[in-house]
Amino acid sequence: MSDEGGEPAGAPVGRRTVLGLLALGGAGIVGGSWVQNGLARLLAPIESRDPTGLVALFPLGAAFRFYSVTGSVPTKTAATYRLTVSGLIARPATYTLPDLQAMPQTALVSDFHCVTGWQVLDVHWAGVPLSALLDLAEPSAEATAVRFRSFDGTYTESMSLSQARRPDVIVALRMLGGPVSHDHGGPVRIYAASMYGYKSTKWLSGIELTHGEVPGYWEHRGYALDGTIRN
Ligand SMILES: Nc1nc2c(c(=O)[nH]1)N[C@H]1C(S)=C(S)[C@@H](COP(=O)(O)O)O[C@H]1N2
Ligand SMILES: [Mo]
């Protein structure tokens with residue numbers, strides 16, 4: 001089921017490892033994107049960090065994969081980027097990249113875990129705490145959840161309002177020591193430290209306050225609505 005549409009860019013170690021896994025299974029040599037999709041299929045049912053020991057056995061954690069469920073994503077610059085905050089709130093708003101850069105920033109060093117098993121440890125992140133934008137929006141009494149949209153035109157995610165207010169959920173402007181790159185969802189993405197990577201919407205374009213969580217792209221394909229990492 002869970003082809004994450006990942007591109008093989010930047011994952012030579014992962015690919016070598018996959019070939020090893022496939023060789024063990026007697027599958028022989030296969031082509032590039034199929035290899036990654038095969039890995040996703042192999043690991044997708046695993047809903048915790050490493051119950052099988054596979055990740056420890058094969059060092060998949062060396063590098064980020066670049067995931068996109070869409071073929072190509074438009075590039076947004078400081079001049080063209082917009083983030084809208086809408087829904088069940090008193091104060092709808094649209095932020096530019098300079099607007100977000102001018103707000104107080106939170107930095108954190110925290111791990112990134114994809115639910116399919118790969119992880120990157122001690123990643124440097126910085127951005128605006130989502131809670132700060134929610135405070136400015138003044139959610140109404142009926143608002144119980146937050147829905148994220150992406151300017152890839154396809155991806156959505158949701159989390160409860162109380163999860164969204166956690167101090168470790170940020171509207172990330174910086175990652176890995178620089179601005180969030182296009183491939184990592186720049187110029188602005190979500191980073192939710194206590195949740196699996198699929199909650200960290202890339203190419204963030206909208207934050208909407210809703211009544212109840214709206215299942216997103218991956219929830220429609222079997223992922224849990226609550227993406228909290230439990231172990
Ligand atoms: N818009 C969008 N956001 C997304 C995804 C995606 O395909 N599209 N994939 C998610 C998943 S499953 C993971 S693990 C991370 C991967 O982040 P990375 O591409 O920076 O490694 O992005 C998440 N956010
Ligand atoms: Mo993921």
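Numbers for residues simply follow the sequence, beginning at 1. Order of listing sets the numbers, starting from 1, for every ligand and every atom in it. Both backbone and side-chain heavy atoms feed into the values below; hydrogens, waters and symmetry mates do not.
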- Task: Determine, stepwise, if the pair M195 / S200 fulfils side chain to side chain contact (heavy atoms under 4.5 Å, CB included).
- Result: CA-CA 8 Å; M195 298 170 214; S200 291; over 6 Å; no
- Any donor-acceptor N or O pair under 3.5 Å, side chains T96, R82: no
- Between H211 and E142, do the side chains contain an N or O donor and an N or O acceptor separated by less than 3.5 Å? no
Are any of the N or O atoms of [X] closer than 3.5 Å to those of ligand 1?
X	value
W118	no
Y198	no
V69	yes
R189	yes

So if I count the atoms of ligand 1 from 1 in the order they appear, which ones are less than 4.0 Å from some heavy atom of [X]?
X	value
S200	22 (O), 23 (C), 24 (N)
F66	19 (O)
R65	18 (P), 19 (O), 21 (O)
D152	1 (N), 2 (C), 8 (N)
S150	1 (N)

- Measure the distances from the heavy atoms of Y217 to every atom of ligand 1 and state whether one is below 4.0 angstrom. no
- Message: Given the ring of Y191, does R189 sit roughly above its face, with NZ or CZ under 6.0 Å from the centre of the six-membered ring and within 45° of the axis?
- Response: no
- Find out whether the Lys NZ or Arg CZ of K76 is both under 6.0 angstrom from the six-membered ring centre of F151 and within 45° of the ring's axis. yes
- Task: Compare all side-chain heavy atoms of F112 with those of W125 and state whether any distance is below 4.5 angstrom.
- Result: yes
- Item | Steps toward side chain to side chain donor-acceptor pair (under 3.5 Å) verdict (T84, S86) | CA-CA 6 Å; T84 62; S86 65; 5.0 Å; no
- Check the pair Y95, V128 against side chain to side chain contact (heavy atoms under 4.5 Å, CB included), reporting the backbone distance first and the verdict last. CA-CA 12 Å; Y95 297 96; V128 179; over 6 Å; no
- Message: Heavy atoms only: which of W218, Y196, Y155 lies closest to atom 8 (N) of ligand 1?
- Response: Y155
